[in-house]
Each structure stands twice: as C-alpha cells, then as structure tokens.
*Asks:* 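I'd like to ask you about the structure that follows.
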4 protein chains.
Amino acid sequence: MGEKGTAARRLDIIHTARDSFAEKNYHETKISDITKHLGISHGTFYNYFKNKSDIFTHIIKIYIKKLEEIFLKENPGLSNNAIEFRNQLIRLGNELFDVFIEDQKMYDILFYRARIAGLEIKKEVTKLFKTADLFVEKYLAHGVNKKFLRSSIDASLNAKAIRGMTTVALEDLMENDAPLQLKERWILLLSNFIIDGLS
Amino acid sequence: MGEKGTAARRLDIIHTARDSFAEKNYHETKISDITKHLGISHGTFYNYFKNKSDIFTHIIKIYIKKLEEIFLKENPGLSNNAIEFRNQLIRLGNELFDVFIEDQKMYDILFYRARIAGLEIKKEVTKLFKTADLFVEKYLAHGVNKKFLRSSIDASLNAKAIRGMTTVALEDLMENDAPLQLKERWILLLSNFIIDGLS
Amino acid sequence: MGEKGTAARRLDIIHTARDSFAEKNYHETKISDITKHLGISHGTFYNYFKNKSDIFTHIIKIYIKKLEEIFLKENPGLSNNAIEFRNQLIRLGNELFDVFIEDQKMYDILFYRARIAGLEIKKEVTKLFKTADLFVEKYLAHGVNKKFLRSSIDASLNAKAIRGMTTVALEDLMENDAPLQLKERWILLLSNFIIDGLS
Amino acid sequence: MGEKGTAARRLDIIHTARDSFAEKNYHETKISDITKHLGISHGTFYNYFKNKSDIFTHIIKIYIKKLEEIFLKENPGLSNNAIEFRNQLIRLGNELFDVFIEDQKMYDILFYRARIAGLEIKKEVTKLFKTADLFVEKYLAHGVNKKFLRSSIDASLNAKAIRGMTTVALEDLMENDAPLQLKERWILLLSNFIIDGLS
DNA sequence: CATGAATGAGGTTTCATTCAT
DNA sequence: AATGAATGAAACCTCATTCAT
C-alpha cells in the first residue's frame, strides 16, 4: 500500500460504508458512493470485500457482537433489593446508551437498515432482539424472586415492553444534539417506570 | 376494462401492491410482480398510477390517514378519574390494535418499509409518530391536571415511552397466530404499566 | 412488436447468436455483438432470453435434438446383406451430412464451442456422442449377426473409430466451398472403409 | 528466488498453468489460480511471462513441437511389404499414444482448449493437423507405390479418416484408467482397419 | 383503456496488468 | 526478483417507463 497500510484502508472503507448505509439504505448505497468518497477506484473496494452484501453483513455483525457483549457482561442475579436493582438498571442503561451515542450510525443500521437485508442477517438481528427480551426477562424474574417486584407481572410481555421503551429512548437520543443530558432523563424515566410500574 | 370497472381495478392494484410491499420492500417489489399477479400488462399499471413511487406513497398515505382518524376521534379530556382513564385507555388500545389486526400488512409497511422511502414520505411518517406522541402527551397532561397522575412525570418522554411499548405490542401481535387473546394481555399490561407506573 | 412479430425477432436473435458462437466462442461472444448486429438495444435481448447461458444452451439443445432425430428415424436391423447394408450407410451418411451442410455453424458449435459450456450442457453433448457410438455399434452387431461382417471385430472400438472418421469428414466438408461433391467422395470412402475393413 | 532458481520456477509456472488450462479453459483460468497454487504473488508471474496469452501460446507451441518431432523421426518410405508396413504402423502408434499417455493434459489442451485461442494459435494447430494428414498421406502413397495398398484409394481423404480414428482413439485412452491395455486394442484395430480396408 | 415490445440508464462485479517499494 | 495494492476497462444484467397499436 504505502501511505496508510491495508488495515487502515479496510477501516476507511468500513466507516464510509457504515455512514452511507446508515443514511441511505442498502439499495441506495452504491459501491461508487463509498469509493468516490474515499477517492479510490471501485476495483479497490473488491480487494477488501467480496461484494456489497459482504460489507453490509460485516458491519451488522460487528454491531450485534457489541450489544451481545453488554448482555454477557451483566449478571441478572446480582441485586438483593429495589435500590440495588435500580442501580443496576442505571448502570446497564448507561452502558447501552453510551454504545449508541458513541457510534450514532448504529441505531439506524440495526433498527432500520438490517430489517431489509437478506434472510440470514435478518434472522440474526431478530435473534438479537429475542436475546435482549430474554435478558430483561431474567432481571424481572430475579426481582420477583427477591420479592421487590410483584409476583403477578407478565414477565414475557413486560420484557418486550421495556425493550420497546428502550428503543424509543435510543431513537430520541439519536435525534438530539445533546444526548448526554437527555440520556439521564431517559434512564431516570425507565428505571422509575419499571420499578414503580412493576413493584 | 369491462368486467370490473376501473375503480375496482385500481383497488386490485393497490391491494396487490400493498401485499408485495409488506412482504418484500420497495426495491424488491417489481411492477411486474404486481401486474403478473393480477394478470394484466405493465402498461395498464401506468394508466392507474404515475409510477412506482406514486403507488407506494399512496398506500402509506392511506395508512397515515387511518391512524390519524383514530387520534382525532378520541378526546383526551374526557376522563375524570383513574378508573375512567383506564377505561379510555382500554377503548383506545382496542381501536388501535384492531386496525392493525384487520390489515396485517399495515404494520410492516408503516414501521419498516416506509422508513426507507424517499425523504418526503419519511417525513410524513415521522410526523405521524410525533402526532401520536403529542396525542399521548395530552392524555398524560390531562391526568396530571385531574390529579390521578403524578405531577412530577416527564410527560414528553413518557409519551414516547408509551409509544415504544405500543409499537412492540403491535409487533408481537403481528407475529402471533391468535392476536385477539394476546391483545387483551397487552392492553391489560399497558394500562397497568401506565397507571401504576405514573400514578 | 409491429414490423416483424415476436417469433421472427426471436429467430433473428437465435440466428445471430448462433453465428457469433460458431465464430467466436461463448466468452468472446458479447451480448452487444448480437444486439448491435440486429440494431436493437441490449435490453431487448433479455426480453427473449433469460441470459447469455440461456440462449447458448437453447441453441445446442436444438442441434442435439436434430441429430438424435436422425438416429431415431433409422432402423439398424433393416439390411440383410452387404449390398443393402452399404445402401443404408449411404442413405444415413447423406442425411447426416446434409444437416451439417445446411447449417454450417452447427459443426463448430457442437464440436468445439459446446465442450466449453457449463457442466450440464457438456454432459448432454457427451451423451450425444455416446448415443452415436451406440447407434453405430448396433449396426455393426447386426452385420455380424447377418454374417456380412466378420465376427471377430471389436464392435465398441470400431464404432468409435467410425465416429472419428465421420467427424473428420464433417470438418472437411465444412472447410470446403463445394461440399456436395466432397460429400459423395466421403460417403464412398466411409462405406468402403467400413465394409472392406470389417467384412 | 533463492531455493529453486529461476528456471525451475519458470517450469513450475508452466506446469501449473498447463494443468489449469487443461481442466478449465483459457478464460476460466485466472492468473491468480496459478499464482495461488504456487504460493507466489501476481507480480511474480509477470516476471516470467508477458501476459496470460503468452504462457498459453507457449504451452501449445511446446506440444506442437513434440508432435512434429514424432513425424520428422519416422520415414514413410521404409517398408517394403504389408508386414513391414503393419510393424511400422504399430511402432508409430505406440510412439504417438505414449506421448499423450505420459502427459494427459496434452489432449485436452491441443484438441479443445487450443481451438478457442486467438487466431494465430488456432492457425498453428490447424497447420499441425494438416501436417499430420500429409504425413499419413505419404505413407499411403508409398504403400500404393509398393503395391501393398490398392491403387484406387483416395489418399487425401483416407489420411484424414485415419487422423479422425486416431483422434477418437486418443480421446478413448484419456478417459480410461488403464490406457496401456486399451492402447494395444486400438493399435490393433487401427492397423487392421487400414490394411484390410485399403489393401 | 389495454397491451407488451423496446428502451437504456445505471448498477455490480471481474480480473489482467501495472508499478512503487 | 518478488510483492501485492491499486487500477479501470469491460462485461453482464435489471427493470421502470414509454409509446405505437
């Protein structure tokens, strides 16, 4: 290569593609959009990725992994009372929202663009949401167990409802110029909603 | 035409297009998918719609209007206490969910396919969600006013949160084979969540 | 269509493609070679054939069928002595050679271009040659049976050898400007060779 | 280079290219097929050959030379009677078939792949066949001269016919797992066919 | 109104070849 | 000599749209 090294060029391509996919959608994103923006020939793109579908899949898989890592890191059985539970929710919310704030394109790609992809990637994204739902469900079950959540709650549906609120929160953060302050409000709201609504 | 009259044929085209858009996405839906399914020629399509974008926009606008009518019909200032409020929520939830259950394609088109469309249509859908948020916000403000909702709530964010839960509820209903029973569970959950969480 | 009718246009495309394939090979034949020659747009080509492979396969299948019909029409068990046998060989040779003389591109396509095609078509052509070998073998076996051919002959190899001579005969005819006279010489030679060599 | 010396590397490239051309055809053979198989870079290939066409031509010319040497080595005027003639045919057949059995790729490349090459190489291969025909013709003429072959034979066409049989024999040998035994049968058949058919 | 043949802009992808290191 | 990143010509193919009948 010379100037930049091939790993750096690969990253350049990924970032440019990510931006375009976030903004425009798979079909509207042309290979030439990416290469023109980087000032390289379209042939070069194909030295780094097999085809358009390849880079799209690649980007989405990175995002999926990022989120799954958050879920794996946390332990749903950690808190012993409502106060500890709330603290855990706050920590979790911060982690999750920070990932999206850090890479603002992630939301669009994961929530909109991915739904359109080929079956294989669509399934993986659907699986991600199911994983998230189950993850929340475990928290609720633990809270019921420890008696700081009502035993009568519909855990499965509530988990989904919480995912729905979180999704909208993310959407709201993404549209906002000062997401950090808004984040606090949302985390407060979500933890209140969950604890007051379900205890 | 002959047999059916041109209004009926226009409807045929709309319905076929709707089914295809719901299932496949704007770009994956070919004009020939529609015309082949109806047994008519390409050319005929263009006697009824200016182009592909035209019919897509048309379908989405129908849906937007349908939902806006629900919002307009209800009066946020009607209930005087928590019990009446809950009944109103239940009635509203039923109306909203029924529209989607009746036309199962509506969810996919409005929540996924529309997001991808050209800027103009994207804006209209975004506006629809803002309208929904405002609509909910009015309910909450009224509840605060009548003192059956806490005065400290963050009405704007809560409205969005409620929209998020509702979206997930719809998603869940659409995936389910017996949506009517599930609907009851969701309406119960949503009204509980709102009233317990916010009062 | 208008001027020519769609069947005629389809034929035009087939003939032009055939000429190009005969002269140039599958990969060297560009769709634009065909369409430019016909003065139509390349899009039009795709209204008549699915893709390049499609028309190539189509042409070869026509040829295969043509030859198989010749084999089916003749009855290897018809002749009772060497004279009748020779007459049958002459008739058969005439039929076969005439088909190739009539459509001079057939030889190149079947003997050279087809060998390069995808596996499926390659197999069909190989099968055609095996069919031809078996066909000749039956004639030889019948001759042995009727005792106007030696019983010691290696029927399987001889059948192939005869096919080899015939192939070269065709090659020779194709290169020649006055194939009809040359045809007589070849038929004489082949029938002599077979009867004198094997009786 | 180091280890092997550049002449050896050149040979490596030729052999790999030969294998690929035999199996796959000119256009299906990518430069990267060759270099990947050898574990060298693209660029290296171009240190040894001008371009893809160059190495293809080179390989075919080697083969052409090999065959022409066989023809030059033999003397058509050597045999004085049918028995000596037959022995000569047997010797010749063995030599020819052995060359092809030894390098099984030769048949495919010379009989199929070469026909597709650019005009120049096509002409050389055609010339080779003409040389072979002439070579056989001389044998036949000598046999007529010496009176152990009929004087009425059509020497030119018969030479071609013999080439046709030989080609099919080669094809048969190449497809067979035990070519050495099959070779005997073919040599027997060919010499019988020629001597019985033409004397 | 209906038809459907024709069009061609526009995109994706391949791969031989170059050249600076 | 060897490397391999970069190039870009060149091909394939799709499909919305037009328009003459």
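So that the names make sense, note that chain A is the first sequence line, chain B the second, and so on, each numbered from 1.
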*Asks:* Decide ring-ring contact (aromatic ring centres under 6.0 Å, His included) for Phe56(C) and Phe49(C); before the verdict, give the C-alpha distance in whole Å, the side-chain angles of both, and the deciding distance to 0.1 Å.
*Replies:* CA-CA 10 Å; Phe56(C) 186 65; Phe49(C) 293 93; over 10 Å; no
*Asks:* Is any side-chain N or O of Arg10(A) closer than 4.0 Å to OP1 or OP2 of dA5(F)?
*Replies:* no
*Asks:* What's the CG-P distance between Asp12(D) and dA2(F), to the nearest Å?
*Replies:* 11 Å
*Asks:* Hey, is the side chain of Arg9(B) poking within less than 4.0 Å of OP1 or OP2 on dC1(E), counting only N and O atoms?
*Replies:* no
*Asks:* To the nearest angstrom, how far is Asn51(B) atom CG from dC15(F) atom C1'?
*Replies:* 13 Å
*Asks:* Between Lys52(D) (NZ) and dT14(E) (P), how many Å, whole number?
*Replies:* 15 Å
*Asks:* Measuring to OP1 and OP2 of dC1(E), would you say a side-chain N or O of Thr6(B) lies under 4.0 angstrom away?
*Replies:* yes
*Asks:* Which is more 5' along DNA chain E, the nucleotide nearest Tyr26(D) or the one nearest Gly39(C)? Just name the residue.
*Replies:* Gly39(C)
*Asks:* In this structure, how many angstroms lie between the C1' atom of dC15(F) and the CZ atom of Phe45(C), rounded?
*Replies:* 16 Å
*Asks:* Before you tell me yes or no, could you show the steps for Arg9(C) and Thr44(C) under side chain to side chain contact (heavy atoms under 4.5 Å, CB included), namely the whole-Å CA-CA distance, both residues' side-chain angles and the distance that decides it to 0.1 Å?
*Replies:* CA-CA 10 Å; Arg9(C) 161 124 317 166; Thr44(C) 299; 4.2 Å; yes
*Asks:* Given the side-chain rings of Tyr63(D) and Phe111(D), with only the six-membered ring counted for Trp, is the space between their centroids under 6.0 Å?
*Replies:* no
*Asks:* Is Lys52(A) reaching over with its side chain to a backbone N or O of Tyr26(A), donor-acceptor style, under 3.5 angstrom?
*Replies:* yes
*Asks:* Are Leu67(C) and Phe100(C) side-chain neighbours, meaning at least one heavy-atom pair lies under 4.5 Å?
*Replies:* yes
*Asks:* Distance check: side-chain N/O of Tyr48(D) vs OP1/OP2 of dA2(F), anything under 4.0 Å?
*Replies:* yes
*Asks:* List the atom of Arg10(C), the atom of Tyr48(C), and the distance in Å for their closest heavy-atom pair.
*Replies:* NH1-O, 3.2 Å
*Asks:* Whole angstroms only, please: what is the NZ-P distance between Lys36(D) and dG4(F)?
*Replies:* 13 Å
*Asks:* Check every atom of dA5(F), dA2(E), dC13(F) against the side chain of Asn47(B) and return the nucleotide holding the closest atom.
*Replies:* dA2(E)
*Asks:* With respect to the phosphate group of dA1(F), does any side-chain polar atom (N or O) of Thr44(D) fall under 4.0 Å of OP1 or OP2?
*Replies:* no
*Asks:* Are Ser32(C) and Thr35(C) close enough, and set up right, to give a side chain to side chain donor-acceptor pair (under 3.5 Å), and what steps lead you there?
*Replies:* CA-CA 5 Å; Ser32(C) 62; Thr35(C) 54; 5.6 Å; no
*Asks:* How long is the line joining NE2 of His27(A) and P of dA16(F), in whole Å?
*Replies:* 12 Å
*Asks:* Given atom CG of Leu38(D) and atom P of dA2(F), what is their separation to the nearest angstrom?
*Replies:* 12 Å
*Asks:* Pairs counted only when both distances fall under 3.5 Å, Watson-Crick or G-U: show me the 5' to 3' dot-bracket for DNA chain F, [ ] for pseudoknotted crossings and | for other-strand partners.
*Replies:* .||||||||||||||||||||
*Asks:* Can you tell me which nucleotide in dG8(E), dT13(E), dG4(E) comes closest to the side chain of His42(B)?
*Replies:* dG4(E)
*Asks:* OP1 or OP2 of dT13(E) versus the side-chain N and O atoms of Tyr46(A): is any pair under 4.0 Å?
*Replies:* yes
*Asks:* Report the distance from atom CD1 of Ile34(B) to atom P of dC15(F), rounded to the nearest whole Å.
*Replies:* 13 Å
*Asks:* Please name the residue in the list Asp103(B), Asp33(B), Asp108(B) that meets the salt bridge (Lys or Arg N to Asp or Glu O under 4.0 Å) test with Arg18(B).
*Replies:* Asp103(B)
*Asks:* Answer with base, sugar-phosphate or nothing: what part of the nucleic acid does Thr29(B) contact at a heavy-atom distance below 4.0 Å?
*Replies:* sugar-phosphate
*Asks:* Closest-nucleotide mapping onto DNA chain F: is Ile40(A) or Gly43(C) further toward the 5' terminus? I mean the 5' end.
*Replies:* Ile40(A)
